[in-house]
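Okay, structure first, notes after.
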Amino acid sequence: PRARGSLPGTERRIGRRLLTLSRPDLVPLSGAFIFLTLAVIGEILVPYYTGKVIDLLKSNFDHRAFLIAIFYMFITSMGSSISAGLRGGLFMFTMYRLNKRVRKLLFSSLVQQEIGFFEATRTGDIASRLSTDTALMSRSIAANVNIFLRSLVKTVGILFFMVSLSWQLTLLIFIESPLTIVLQKLYNKYHMKLVQEVQDSIAKSNQLAGEIVSGIRTVRSFAAENEESELFEEKLQATHQLKNKRDVVTAVYLVCLRHIQLAMQLIMLCAGQHLIRNGKMSSGNLVSFILYQGDFGSYVRTLVHMYSEMTHSVGAAEKVFDYLDRKSTVPTDGKLVKETLKGRVEFQNVSFSYPTRPDIQALKNVSFELKCGEITALVGSSGGGKTTCVNLLERFYQPQSGQILLDGRPIKEYEHKYYHNKLGVVGQEPVLFALSVRENICYGLQNCPMSSVTAATQKANAHKFIERLEHGYDTDVGEAGGQLSAGEKQRIAIARALIRQPQILILDEATSSLDMESEHTVQQALSKDTGQTILVIAHRLKTVEKADKIIVIERGMVMEEGKHEELMERKGCYFRLLQRLSHNGEQGMTEF
Ligand SMILES: Nc1ncnc2c1ncn2[C@@H]1O[C@H](COP(=O)(O)OP(=O)(O)O)[C@@H](O)[C@H]1O
Ligand SMILES: [Mg+2]
């Protein structure tokens with residue numbers, strides 16, 4: 001990442017994008033700007049009338065003029081405070097709206113990303129993009145622009161009044177301003193750096209504390225409590241020193257600032273007194289001028305401060321835009337929709353390595369075919385690459401070479417929703433959401449009549465157990481389905497795949513947690529369905545034996561292909577696999 005504020009071009013570009021993002025808030029923002037101007041005008045006029053009132057008190061007292069001046073002062077004060085309130089409210093309103101919009105955009109973009117992105121990015125990073133950075137970024141538009149503009153308009157307005165009160169005194173201001181600006185800039189630079197260091201240091205000690213608490217068993221069993229406490233104290237000490245440094249910097253800054261201000265006021269009073277004596281200025285005017293001058297200094301400082309604040313939030317915006325602009329490397333923008341899909345799947349010389357482990361090939365030149373209306377079994381020892389084939393079929397990743405065809409067309413050409421409705425997958429570790437049983441089964445479907453839900457659950461041998469649950473189909477399954485047993489979860493996941501009546505059904509060890517009998521029922525129900533292409537990754541011999549074709553995958557390569565009897569006769573890979581496994585298993589219970 002680049003150093004903050006080093007590329008003004010980037011900042012301008014990001015600023016422009018932020019403004020474009022705020023376009024839907026044009027109306028409230030314009031309202032806010034109008035009230036901002038009104039408030040500022042009012043605030044500028046108040047010192048002017050204060051000076052007037054003082055002049056009126058001194059000269060031969062004119063009751064009428066005095067009342068009028070007081071009245072104007074009252075009206076402007078009131079008008080400006082009402083406007084200030086409306087301005088603040090409208091800016092807040094737009095800020096929250098913008099925040100909501102950016103978050104929605106960011107989230108939509110995030111869920112489009114390929115699976116590899118989520119494997120490579122830490123959840124904490126994604127969460128902080130979604131919350132902290134979007135908040136900072138929205139602030140930059142609403143709150144910062146608000147303060148920035150207010151200060152800018154006020155600086156200009158006050159300058160105008162000061163010149164009209166006394167241009168000679170105004171010239172003196174130009175001794176002060178450069179001094180203040182330099183001072184403020186220096187302060188910002190050191191202060192910001194120290195603030196960041198303090199935050200990092202606090203984060204470090206928090207991380208250490210978290211690690212120790214969660215690993216307390218290890219700490220206890222190695223009797224390392226005292227060492228850990230000392231380590232924690234060291235971290236605290238480091239934070240403490242940084243904080244001291246930060247506060248000393250602030251103190252020095254404040255002392256310098258006060259001295260400049262004091263010197264300025266002295267010079268101002270001397271020069272003012274000179275002007276009054278020569279009849280070039282009234283004493284009321286001098287009071288107004290001094291009031292303005294105090295304000296002027298503080299607004300100039302705010303402007304300088306806001307400038308660095310803005311670069312800070314531009315940094316946050318940049319991070320958010322990085323995610324917003326990120327294009328998935330596995331795009332889901334296919335268009336193809338077929339009236340009738342046969343469901344013939346072909347792997348053609350597919351080679352693939354996972355993005356997080358680019359040097360290890362999970363699949364090497366894999367070719368096979370899944371015919372429609374047939375059950376194909378994929379077998380092989382664990383880590384061989386079976387699930388990887390399923391992941392590629394699901395388009396979680398893109399193979400580095402070779403291609404996967406469905407009915408003769410590359411799967412990436414198919415329309416995303418259409419494709420996933422035709423492809424039913426029950427994964428190795430099915431994930432349910434904290435919804436009701438019914439909502440889980442209908443996940444991602446628009447309309448979903450109860451009759452098709454029960455049809456699916458009956459096939460998955462799940463209907464009976466669901467009916468027995470306390471609230472039947474409306475039972476909440478708990479976080480990640482935690483309130484169900486593994487076998488129950490699997491059967492719901494099977495029903496969830498079956499309800500779409502997919503042309504291609506993939507069961508990746510989907511019945512591993514079922515007992516023999518349930519598994520048998522499910523298998524029976526599946527084999528009754530004709531015309532479907534079924535791929536089972538099974539771990540029980542019984543299931544595999546009945547398959548129309550068996551494919552053996554080892555170390556990412558297809559080793560053998562054929563029917564059970566053929567492969568047994570060949571006495572190759574498959575035969576050895578069975579032998580190895582049946583060695584300590586009962587007959588018929590052989591598990592891969
Ligand atoms: N998400 C992943 N990222 C990196 N490597 C993976 C990932 N998933 C699986 N692998 C690796 O790919 C190889 C094949 O795994 P897999 O297809 O899950 O085997 P199995 O045949 O048991 O289903 C293994 O070496 C595994 O470590
Ligand atoms: Mg697997």
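Note that ligands are numbered from 1 as they come in the structure, with each ligand's atoms numbered from 1 the same way. Start at 1 with the first residue, then count along the sequence. Keep in mind it's a predicted model, so treat the numbers as computed, not measured.
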- Query: What's the shortest distance from atom 26 (C) of ligand 1 to any protein heavy atom, and which residue and atom give it?
  - Reply: Arg357 NH1, 4.1 Å
- Give the ring-plane orientation class for Tyr323 versus Phe117, where under 30° counts as parallel, over 60° as perpendicular and anything between as tilted. perpendicular
- Please indicate whether any nitrogen or oxygen in Gly384 is less than 3.5 Å from any nitrogen or oxygen in ligand 1. yes
- Have a look at the Mg ion (ligand 2) and estimate, to 10 degrees, the angle subtended by OG1 (Thr387) and OE1 (Gln428). 80°
- Message: For atom 23 (O) of ligand 1, tell me which residue out of Val379, Val390, Asn391, Thr387 has the closest non-hydrogen atom.
- Response: Thr387
- Item | Side-chain ion pair, Arg17 and Asp325, N-O less than 4.0 Å | yes
- Query: Contact between Phe118 and ligand 1, counting heavy atoms under 4.0 Å?
  - Reply: no
- Query: Should the pair Tyr418 and Tyr414 be assigned to parallel (<30°), tilted (30 to 60°) or perpendicular (>60°) ring geometry?
  - Reply: parallel
- Query: Looking only at heavy atoms of Gly383, does any of them come nearer than 4.0 Å to an atom of ligand 1?
  - Reply: yes
- Message: Check the orientation of His564 and Tyr574. Use parallel for under 30°, tilted for 30 to 60°, and perpendicular for over 60°.
- Response: perpendicular
- Message: Could you walk me through whether Phe368 and Glu561 satisfy the side-chain contact (heavy atoms from CB on, under 4.5 Å) test, starting with their C-alpha distance in whole Å, then the side-chain angles of each, then the deciding distance to 0.1 Å, before giving a yes or no?
- Response: CA-CA 9 Å; Phe368 60 80; Glu561 223 178 285; 4.1 Å; yes
- Query: Step by step, would you call Phe575 with Leu567 a side-chain contact (heavy atoms from CB on, under 4.5 Å)?
  - Reply: CA-CA 7 Å; Phe575 180 79; Leu567 293 179; over 6 Å; no
- Near Glu119 (heavy-atom distance under 4.0 Å), the atoms of ligand 1 are 1 (N)
- Task: With side-chain contact (heavy atoms from CB on, under 4.5 Å) as the test, would you mind laying out the steps for Phe321 and Leu21 before giving the verdict?
- Result: CA-CA 11 Å; Phe321 284 139; Leu21 263 180; 3.7 Å; yes
- Mode of Lys386 contact toward ligand 1 - side chain, backbone, both, neither (heavy atoms, under 4.0 Å): both
- Item | Geometric N/O contact Thr388 with ligand 1, under 3.5 angstrom | yes
- Query: What atoms of ligand 1 come closer than 4.0 angstrom to any heavy atom of Tyr397?
  - Reply: 1 (N)
- Are Glu346 and Arg344 ion-paired here, with the side-chain N under 4.0 Å from a carboxylate O? yes
- Which of the numbered atoms in ligand 1 are below 4.0 angstrom from a heavy atom of Thr356? 3 (N), 4 (C)
- Take Glu114 and Arg326 through the test salt bridge (Lys or Arg N to Asp or Glu O under 4.0 Å) and record every step on the way to the result. CA-CA 10 Å; Glu114 77 278 1; Arg326 196 178 183 285; 3.1 Å; yes
- Task: Identify, by atom number and element, the atoms of ligand 1 in contact range of Ser382, meaning under 4.0 Å from any of its heavy atoms.
- Result: 22 (O)
- Item | Protein contact to atom 9 (C) of ligand 1 [nearest heavy atom, distance to 0.1 Å] | Tyr354 CE1, 3.5 Å
